[in-house]
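Quick caveat, the model's predicted, so the values are computed rather than measured. Atoms considered below: every heavy atom in the structure, side chains included; atoms not considered: hydrogens, waters and symmetry mates.
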Amino acid sequence: MDENYLDELNEQQRAAVEYCDGPQLVIAGAGSGKTRVLTYKIVHLLRLGYEPWRILALTFTNKAAKEMRERVEQLVGGAVASKLWMGTFHSIFARILRANAELIGFKSNFTIYDSSDSLSLIKMILADMGLDKLAFLSGPRKGQKKYKPSAILSAISSAKNALISPEEYVRSKDLLEIDARDNRPELYAVYRAYRDRCVVAGAMDFDDLLYYTNVLLRDNPDVLRHYREFFSYVLVDEYQDTNFAQHVIVTQLTRESGRLCVVGDDAQSIYSFRGANIRNILDLRKTYSALSIFKLERNYRSTRNIINAAGSLIDKNSEQIPKTVYSENETGALIEVVKCYSDFEEAYQVASRLSQLKMTSGDSADEFAILYRTNAQSRVLEEALRKRNVPYRIYGGLSFYQRKEVKDAIAYFRLALNPDDDEALRRVINFPARGIGETTLAKLTRAAIDGNVSLWTVIQEPDRYPAGLNAGTLRKLDRFAGLITEFVQADRKGADALELATRIIERTEMLKMYLHDSTPENLSKQENLQELISGVKGFVETRVEEGSDSMSLADFMAEVSLATDQDSDSGDASEERVTLMTVHAAKGLEFNNVFVVGVEEELFPSAMAQDSPAQIEEERRLMYVAMTRAKKFCMLTYAGSRFRNGQTVCCRPSRFLRDIDQRYLRLATNDNLGDDAPKVRPTVNYTASMAGSARSLNSLRKVQPSSGAPQSFRRPGQMQPSAGKPASDVRYALHSVSEVAEGTVIEHAKFGRGAIVNIDTAGPDPRITVKFENTDTRTLMLKFAKFSIVGTE
DNA sequence: CTTCTCCGTTTTTTT
DNA sequence: AACGGAGAAG
């Protein structure tokens with residue numbers, strides 16, 4: 001370990017790192033070395049003699065956890081770093097819950113429902129309760145569904161984040177009153193049914209992971225005592241993004257010891273839609289009377305202009321902890337504001353300015369980022385970049401594990417581990433088609449709900465839970481059950497993830513199905529299934545290499561079920577690319593050059609945020625995050641019209657542009673940022689010819705109450721550079737043995753560049769062993785490995 | 001029971 | 001534009 005690690009910190013950072021005498025809050029402005037403080041603090045704790053496996057470091061995203069681990073690794077080595085408890089709230093507590101599952105009425109093999117599972121379960125419950133019918137309401141809500149699944153889900157989610165059980169919910173006069181007013185008086189019953197079905201299915205959703213952790217610690221004093229003592233120091237990153245459930249877990253674990261270090265920046269709180277609450281930071285002082293507060297205010301990242309501009313923007317927010325972020329870097333260029341006619345022109349402008357800047361600055365492509373408010377905005381930008389042959393990488397969008405065919409396969413995986421998993425069962429009971437249709441499923445569901453058991457139990461014990469099915473149907477169900485049982489037993493007998501996964505794909509004939517005809521979609525589905533298998537294979541191989549015995553399908557699923565899109569670091573690291581992502585996804589990152597596009601009213605700030613000042617402030621913080629990603633150059637663009645929801649709508653410049661002190665901006669001479677617009681009625685600020693009906697629809701929509709946080713469904717065709725796009729299909733293909741030799745240099749779709757060191761043709765399927773430039777050596781099955789041949793060594 | 005087709009709704013951000 | 005849901009035909 002580097003002895004002089006403390007010298008690499010400035011005075012404020014060093015003070016924060018060295019203070020280990022009690023609870024500590026570090027308010028860290030953007031770019032002030034927040035992660036640096038956390039990583040060095042961990043190193044410092046190790047120095048002081050804290051054992052690595054008793055340090056708990058919680059982050060918000062997988063990406064942040066990974067980055068922190070890597071940075072600690074560099075300082076103390078992988079052997080020590082791998083012993084730290086470091087990860088997202090969700091993954092760490094999932095692990096703890098699995099270890100203690102029986103105490104809260106679960107088994108350790110519980111499934112984790114993702115948002116689409118949750119939504120599908122909500123829909124099922126609403127249908128069962130007869131609440132999915134149209135409501136005959138008058139006025140603007142006429143014809144709208146009373147119980148909108150996504151809104152229900154988000155209400156349930158809020159309840160759990162506030163640690164309110166269904167039983168407590170129904171006892172709360174306030175909540176019932178609100179529901180009555182919102183025309184959904186039976187929400188409590190939906191919540192209860194949802195909870196019950198999850199329990200029966202042995203499933204937890206994302207919120208449950210936090211909720212049940214609280215239950216576990218609340219109802220089992222000995223468990224609480226154990227973890228309190230076990231974790232001798234707790235560190236939390238991005239505390240401004242924690243919700244109440246997370247806050248309570250943290251305080252439960254550290255209230256007595258006071259060995260807590262929390263880092264956050266209230267100005268970067270951008271997840272309140274998910275229950276994050278800045279109050280958690282402020283309330284720390286109440287919980288810990290001895291709380292010491294440290295401030296990091298010097299920004300090392302950006303030029304003065306960028307920091308000053310962002311500062312002048314965030315000053316317009318009323319709610320914030322007073323602090324002054326300053327930069328002592330060079331003044332730098334002004335922030336460029338560009339007005340465009342349309343989203344197409346915007347994309348063109350950005351692409352051309354980017355290419356030009358790339359030439360003049362000499363920065364490589366990965367020093368450029370284009371940030372947007374919504375994923376949908378990426379389309380046009382992609383096109384413009386492609387036209388200019390600028391290589392880019394999109395983050396977000398549909399994750400690999402969310403693709404239909406992959407989800408289907410995963411559903412079988414899940415059933416093998418937990419056949420009670422209703423959502424997985426419903427997904428694949430008739431896929432591939434085996435003549436078990438809606439009617440049968442409805443009858444099974446009815447019986448399952450009446451018996452308060454899982455669908456699997458109903459299928460297993462038809463006599464005990466009669467569903468009123470005819471003999472033919474029963475026979476079909478029996479065959480399906482046989483298939484699942486076979487997988488379950490294979491897992492119990494200790495099959496590793498690859499054996500079991502391969503068997504599932506073969507026995508269900510999923511891959512075969514797609515082989516039948518070779519439409520482009522089918523081809524891509526085949527590829528994705530093969531990619532999944534090679535993912536499993538890679539997982540098993542890694543575990544073998546690491547000398548770990550944890551290579552069961554359950555171990556694989558534990559990694560996968562909480563891995564989200566950002567995590568898939570696919571694409572080769574060797575090639576430099578421009579980054580395209582949402583502002584949310586960009587948090588914690590930095591680039592020399594940042595383009596923020598679509599800086600318009602109703603988009604940024606979002607149309608959903610228009611009706612409350614608090615939401616506008618969150619959007620403003622989001623804008624602040626966007627701008628402070630930039631080190632040297634920042635450009636903001638807006639368009640006069642934009643293709644949205646299938647039609648072209650008019651747009652006005654964002655109020656945020658006017659919030660920024662104009663001293664730091666470079667505007668086109670004729671650009672007044674929409675300041676001439678009458679401010680009284682901003683939304684109807686258009687001539688009828690310009691605006692058309694979309695506009696009036698929009699102003700109508702504002703009357704309706706906002707419908708909560710919708711769960712995201714992303715379109716295919718984004719992300720995963722290796723699939724979907726014709727360009728990449730050509731680049732990475734399958735190869736035969738005759739095409740490769742030892743010494744052949746290949747470019748793998750996932751692992752990057754590497755040289756073949758061995759070819760094994762002994763088995764039924766030829767394998768190649770490749771030493772990759774990222775130091776990994778992997779053995780790949782030739783029939784699955786997607787790569788291009790670069791040359792020979 | 002399956003498949004096809006039309007219709008209506010949708011769009012914020014993510015663990 | 002793109003998806004899911006509903007309804008009709010096979």
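Ring geometry, A:Y271 versus A:F60: the interplanar angle falls from 30° to 60°, so the pair is classed tilted.
The CE-P distance, from A:M623 to B:dT13, rounds to 17 Å in whole Å. Computed from coordinates, the A:K148 NZ to C:dG5 P distance equals 13 Å when rounded to whole Å. Nucleotide B:dT11 holds its C1' atom 15 Å from the CD atom of A:E600, rounded to whole Å. One interatomic measurement links the two molecules: CG of A:L210 to C1' of B:dT14, which rounds to 13 Å at whole-angstrom precision. Distance NZ (A:K587) to P (B:dT15): 11 Å, rounded to an integer number of Å. Whole-Å rounding puts the A:Q402 CD to C:dC3 P distance at 14 Å. Separating the NZ atom of A:K404 from the C1' atom of C:dC3 is a distance of 8 Å, rounded to the nearest angstrom. Rounded to an integer number of Å, the gap from CG of A:D207 to P of B:dT14 is 16 Å.
A stacked arrangement is assigned to A:F273 and the six-membered base ring of B:dT13, with a centre-to-centre distance below 5.5 Å and an interplanar angle below 30°.
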Side chain to side chain donor-acceptor pair (under 3.5 Å) between A:S116 and A:K407: does it pass, once the steps are laid out? CA-CA 10 Å; A:S116 65; A:K407 278 206 85 171; 2.5 Å; yes
Assess the residue pair A:E617 and A:R621 against the criterion (side-chain contact (heavy atoms from CB on, under 4.5 Å)); give the C-alpha distance rounded to whole Å, side-chain angles, the decisive distance to 0.1 Å, and a yes or no. CA-CA 6 Å; A:E617 295 212 342; A:R621 290 192 293 269; 4.1 Å; yes
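Side-chain nitrogen and oxygen atoms of A:K476 include none within less than 4.0 Å of the OP1 or OP2 phosphate oxygen of B:dC1. Using a 4.0 Å cut-off, no side-chain N or O of A:T582 falls inside it from OP1 or OP2 of B:dT13. Side-chain N/O atoms of A:N62 include none lying less than 4.0 angstrom from OP1 or OP2 on B:dT15.
Heavy-atom distances to DNA chain B give each of A:R274 and A:E438 a nearest nucleotide, and the one nearer the 5′ end belongs to A:E438. Each of A:T440 and A:H584 has a nearest nucleotide on DNA chain B; the 5'-most of these lies closest to A:T440.
If you check every strand for non-hydrogen atoms under 4.0 Å, A:Y271 touches sugar and phosphate atoms only. Within 4.0 Å (heavy atoms only), A:N430 reaches sugar-phosphate atoms of the nucleic acid but no base atom. Within the nucleic acid shown, A:L622 has no heavy atom closer than 4.0 Å to any nucleic acid atom.
Using atom P as the reference point in both C:dG4 and B:dT13, the two lie 16 Å apart (nearest Å).
Set against B:dT13, B:dT15, C:dA2, the side chain of A:T61 has B:dT15 as its closest nucleotide. Minimum atom distance to the side chain of A:N375 is reached by B:dT13, of the listed B:dT13, B:dT15, C:dA2. The side chain of A:T88 sits closest to B:dT15 out of B:dT14, B:dT15, C:dA2.
Annotation: the span from A:I370 atom CD1 to A:F595 atom CZ amounts to 6.5 Å, rounded to 0.5 Å.
The existence of a salt bridge linking A:R386 and A:E383 is excluded, since no basic side-chain nitrogen approaches an acidic carboxylate oxygen closer than 4.0 Å.
With A:R629 contributing its side chain and A:K587 its backbone, the two residues share no donor-acceptor pair below 3.5 Å.
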